[in-house]
Structures are given as C-alpha cells and as structure tokens.
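Handing you this structure, nothing more for now.
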Amino acid sequence: MRKLETVDAQWLIQQPFTRPSWVIDDLLTAGLSLLVGSPKSGKSWMALKMALCVSTGTPFWDLETHECDVLYLCLEDTKSRVQQRLWKLTDEASPRLHIATAADKITGDLIPQLQDFAEEHPGTRMVIVDTLQMARKASGDNAYAADYSDMNALKRFADERGIAVLCIHHSRKMGDSDVFNTVSGTNGITGAADCTMVLSNLNRSAHRATLSVTGRDVEFQEYKIRMNDCVWELIEKTSREELEEREVPDDVLRVLDFMMTRPIDWQGTTTDLRTQVGLGTVSVPAFGKHLAQNRDFLEDRGIAFERTRTREGSIISLRRTDG
C-alpha cells in the first residue's frame, strides 16, 4: 500500500499564491478546456484564429496572448480545407503553428503522440483537438465513465506538461436556460474540464452569437461576437453589473426600480413593501429572504437596506445613498 501524501492546512495557507498560466489572458489557461457549439456554428474558425494569434503572440480580440508553439489537430478536415481556411484568415502564418489532420484515439496512442510532439517542440503550450469526438473510440462502458476517462487522460497530459488543451465539441440539439447544460454527453465531460466555452444564441443570418465562458481559473464571462468574412470579431463584453442582475430575483429588481423613482426614503413592513411594489406572485417570507440575500446588490446601486425589530414587528428601512 502506498501512503497518502498530505500537507497541513496552515502550511498551505502561507504558501505564495500561484497564478494561472495564461495562454490567452482571462480566457484560456493551462489545463483542459472545451469550446462547444452546434454543427457549422464557426467553432473551428474561432479555434484556428486563436491558434494563429497565440503562435505569433498577437492579441485575440483585445486579450493578450503568450507566444508559443501550437499543435492543431484538424481531425475532421483535409489539408486542403485547412489551407483554404488559413487563406481566409491570414496572409502569413507562423512556423510555430503545427497542423495535423490525423491522429490516434485517446484510448489508443494519442497521449504518447502528444507527449512525443511536446518533447520535440519544448515551446508547446497549446494543443487544439478538433473535434473531441473524432479523437474518441466507441466504448461499451458506462457513458459517464467513458466520458470522464477520456477527458481525464487529456487533463493529466495538460496538467503534467503545463499545456492548454482545447477540445472542440458539439452541443445538444435540445436547448436549456443554462447554456453550459447544452454540452453533448454526460457530466463526465464538463466535470473533468477546467474551463468551458459555449457558443450560443447563434443568429446565422446576422452572423452573430454569444460566447459564454466559465471555469476553475476563469470568472464567468460573456462576449457578444459577430463573424465578419470568416473571422469572429468582438462586439462587446457583457458588463459584470449586467451579469449580476441576471442572478437577482425579479422582486428585488422591482424594489430597486421602485426606490429609484422615489424622492424620499421608505419604511414599513415586508408586507407593506410587497403591496406597494405590486408583487402578488411572491410570498412574504420568500420576498423577505430575497431582500436579505441581495442586500449587497442593493447597496452597490445606492439603496441601503436595514431590518429592525420593534414592538409592532419587523420593520424594513430603504434609504437612498446616491444623492
């Protein structure tokens, strides 16, 4: 039996913070990542543009990249098709971008192939697998176990080498209010990934989409993008305030609107406030809980929230702090 290797928590607390090893600042770090979207949504165009930018050290959108060798496994394409894409995207590419149109499966010799490439090209810090499904072999195992096993093999390689492995993957046809639930396969795929990027809200006629990003080292982000002559361009990054508001219950947002239209402060019971704001569908206890949970949200937007207990009962005070 091999003994467990442990460290004590106090020692760990006092260790210097290790920053993520970024390949594309604030978007792609060393580890295993997914880029997910429906078929023909432009995932490969985006991945190839990333590869071109990283291999030359030029910004991707307005995000800085860290120049390195990049291996792009175009497993669904021929060299001729990749050539045509490169013609569309650039006049000159870096010799640090290496392309292969065939490779073994994950359960076969793909990992040794990647290790061999990394040994021959020690400057490699990014590998793109396009697509993940083409690198997998049909398995009779439990679907979750098979998904997690394949992803874990890629993750171990990425972690041991300090390389960003980006897998292009398909989304399910059935939609979901949470875009990250549209990733095809079991939770074994997203569970093993360090970062997941999903192309959603695709408008093919307007050539527009949304890229949503979440991960262990990446804060939740959302980018509005459009495709112009085969290049995904950034329209705008959704503000943190807008993202926060989406997580706030509607009754709290309506209280915010209510206070913004008032010239003076407000005081009364939870029931009084619920009646004045016109919240007939939410219960008084739920409304009171929502206000307490989102106190910081209200205060960040100029509304101080306090609750005091009196002989008559619990009283809410809402005070404008924005002048």
Would you kindly confirm whether Val277 and Ile315 end up in one hydrophobic cluster when ILVMFWY residues are joined by side chain heavy atoms under 4.5 Å apart?
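As far as the 4.5 Å side-chain criterion goes, Ile315 and Val277 are not connected within one cluster.
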Could you check whether any side-chain heavy atom of Phe180 comes within less than 4.5 Å of a side-chain heavy atom of Ser200, counting everything from C-beta outward?
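The answer is no; the side chains never approach within 4.5 Å.
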Taking atom NZ of Lys88 as the centre, report whether more than 12 heavy atoms of other residues, nucleotides or ligands fall under 6.0 Å from it.
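Check fails, neighbour count at 12 or below.
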Check this for me: does any side-chain nitrogen of one of Glu119 and Arg161 sit under 4.0 Å from a carboxylate oxygen of the other?
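Looking at Arg161 together with Glu119, the answer is yes, because their closest N to O distance falls below 4.0 Å.
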Between the side chain of Gln113 and the main-chain N/O of Asp104, is any donor-acceptor distance below 3.5 Å?
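Side chain of Gln113 to backbone of Asp104: a pair is present.
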Please report the shortest heavy-atom distance between Trp232 and Gly42, naming the atom on each side.
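Where Trp232 meets Gly42 most closely, the heavy atoms are NE1-O, 3.0 Å.
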Using side chain to side chain contact (heavy atoms under 4.5 Å, CB included), reason through Ile106 and Leu132 one step at a time and then give a plain yes or no.
CA-CA 9 Å; Ile106 298 172; Leu132 174 63; 4.1 Å; yes
Please test Val183 against His169 for side chain to side chain contact (heavy atoms under 4.5 Å, CB included), starting from the C-alpha separation and ending with a verdict.
CA-CA 8 Å; Val183 179; His169 190 48; 3.6 Å; yes
Please determine whether residues Ile99 and Val165 belong to a single hydrophobic cluster, defined as Ile, Leu, Val, Met, Phe, Trp and Tyr linked transitively by side-chain heavy-atom distances below 4.5 Å.
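Looking at the clustering, Val165 is in a separate group from Ile99.
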Should the heavy atoms of other residues, nucleotides or ligands under 6.0 Å from NZ of Lys224 be counted, would the total exceed 12?
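Enclosed: over 12 neighbouring heavy atoms sit under 6.0 Å from NZ of Lys224.
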Are there more than 12 heavy atoms of other residues, nucleotides or ligands under 6.0 Å from atom CZ of Arg216?
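Result for CZ/Arg216: enclosed.
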Identify the two heavy atoms, one from Glu299 and one from Ala304, that lie closest to each other, and give their separation to 0.1 Å.
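Shortest heavy-atom separation between Glu299 and Ala304 comes out as CG-CA, 4.1 Å.
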Consider only side-chain heavy atoms of I, L, V, M, F, W and Y, link residues closer than 4.5 Å, and tell whether Val127 and Ile189 are in one cluster.
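Yes, one cluster joins them.
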Has the side chain of Arg262 got a donor or acceptor atom that lies under 3.5 Å from a matching backbone atom of Arg320?
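It does not hold such a pair.
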Any non-hydrogen side-chain atom of Met197 less than 4.5 Å from a side-chain atom of Leu28?
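A side-chain contact exists here, since the closest heavy-atom pair is under 4.5 Å.
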OG of Ser314 to CZ of Arg307: how many Å apart, nearest 0.5 Å?
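Result: 4.5 Å between the selected atoms.
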Would you call Arg156 and Glu160 a salt bridge, using N to O less than 4.0 angstrom?
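The answer is no: the pair does not qualify as a salt bridge.
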Taking ring-ring contact (aromatic ring centres under 6.0 Å, His included) as the cut-off, I'd like each qualifying pair that reaches into residues 94-125, sequence neighbours left out, listed once.
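Sorted result for residues 94-125: His98-Phe117, His98-His121, Phe117-His121.
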Going only through I, L, V, M, F, W and Y residues with side-chain contacts under 4.5 Å, is there a path from Tyr72 to Leu35?
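Linked, Tyr72 and Leu35 end up in one cluster.
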Closest non-hydrogen atom pair, Thr65 against Phe60
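So the minimum-distance heavy-atom pair works out to CG2-N, 3.8 Å.
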For the residue pair His207 and Asn228, establish whether any side-chain heavy-atom pair is separated by less than 4.5 Å.
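Counting from C-beta outward, His207 and Asn228 never come under 4.5 Å.
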Charged N-O contact under 4.0 Å between Lys137 and Asp150:
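No, this pair does not count.
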Donor-acceptor pair, distance only, cut-off 3.5 Å: does the side chain of Arg204 make one with the backbone of Lys40?
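Side chain of Arg204 to backbone of Lys40: a pair is present.
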Side-chain heavy atoms of Ser317 within contact of Arg319, under 4.5 Å:
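Ser317 does not reach Arg319 side chain to side chain.
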Grab the two heavy atoms, one from Phe220 and one from Ser212, that are nearest each other, plus how far apart they are.
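Scanning both residues, the minimum pair turns out to be CE1-CB, 4.2 Å.
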Within one Ile-Leu-Val-Met-Phe-Trp-Tyr cluster: Leu63 and Ile235, side-chain cutoff 4.5 Å
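Per the 4.5 Å side-chain linkage, Leu63 and Ile235 are not co-clustered.
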Do you know the tightest heavy-atom contact between Tyr223 and Val213?
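Closest approach of Tyr223 to Val213: CE1-CG2, 4.2 Å.
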Note: Asp77-Arg85 ion pair, threshold 4.0 Å (strictly below):
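Yes, this pair counts.
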Does any N or O in the side chain of Asn294 come within less than 3.5 Å of the main-chain N or O of His290, such that one atom is a donor and the other an acceptor?
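Checked: pair present.
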For Asp8 and Thr6, which I'm curious about, is there any donor-acceptor pair between the side chains at under 3.5 Å?
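Side-chain D/A pair, Asp8 to Thr6: absent.
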Kindly check if the number of other-residue, nucleotide or ligand heavy atoms within 6.0 Å of CD (Glu219) is above 12?
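For Glu219, atom CD is not crowded (no more than 12 foreign heavy atoms under 6.0 Å).
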Minimum side-chain heavy-atom gap Leu199-Ile225 below 4.5 Å:
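In short, these two side chains touch, coming nearer than 4.5 Å.
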With the side chain counted from C-beta on, respond yes when Ser171 and Val198 share a heavy-atom pair under 4.5 Å apart, and no when they do not.
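No, side chains not in contact.
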How about CD on Glu92, more than 12 heavy atoms from neighbouring residues, nucleotides or ligands closer than 6.0 Å, or not?
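Atom CD in Glu92 is not crowded, with 12 or fewer foreign heavy atoms closer than 6.0 Å.
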Between CE of Met134 and OG1 of Thr101, what distance do you get to the nearest 0.5 Å?
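These two atoms lie 10.0 Å from each other.
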Does Asp147 reach the side chain of Arg136, with side-chain heavy atoms less than 4.5 Å apart?
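In contact.
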Any idea which heavy atoms bring Ser44 and Asp130 closest together, and the distance?
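Smallest heavy-atom distance, with atoms named: OG-OD2, 2.7 Å.
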Side chain to side chain, His66 and Asp25, heavy atoms closer than 4.5 Å:
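Side chain of His66 against side chain of Asp25, heavy atoms only: contact under 4.5 Å found.
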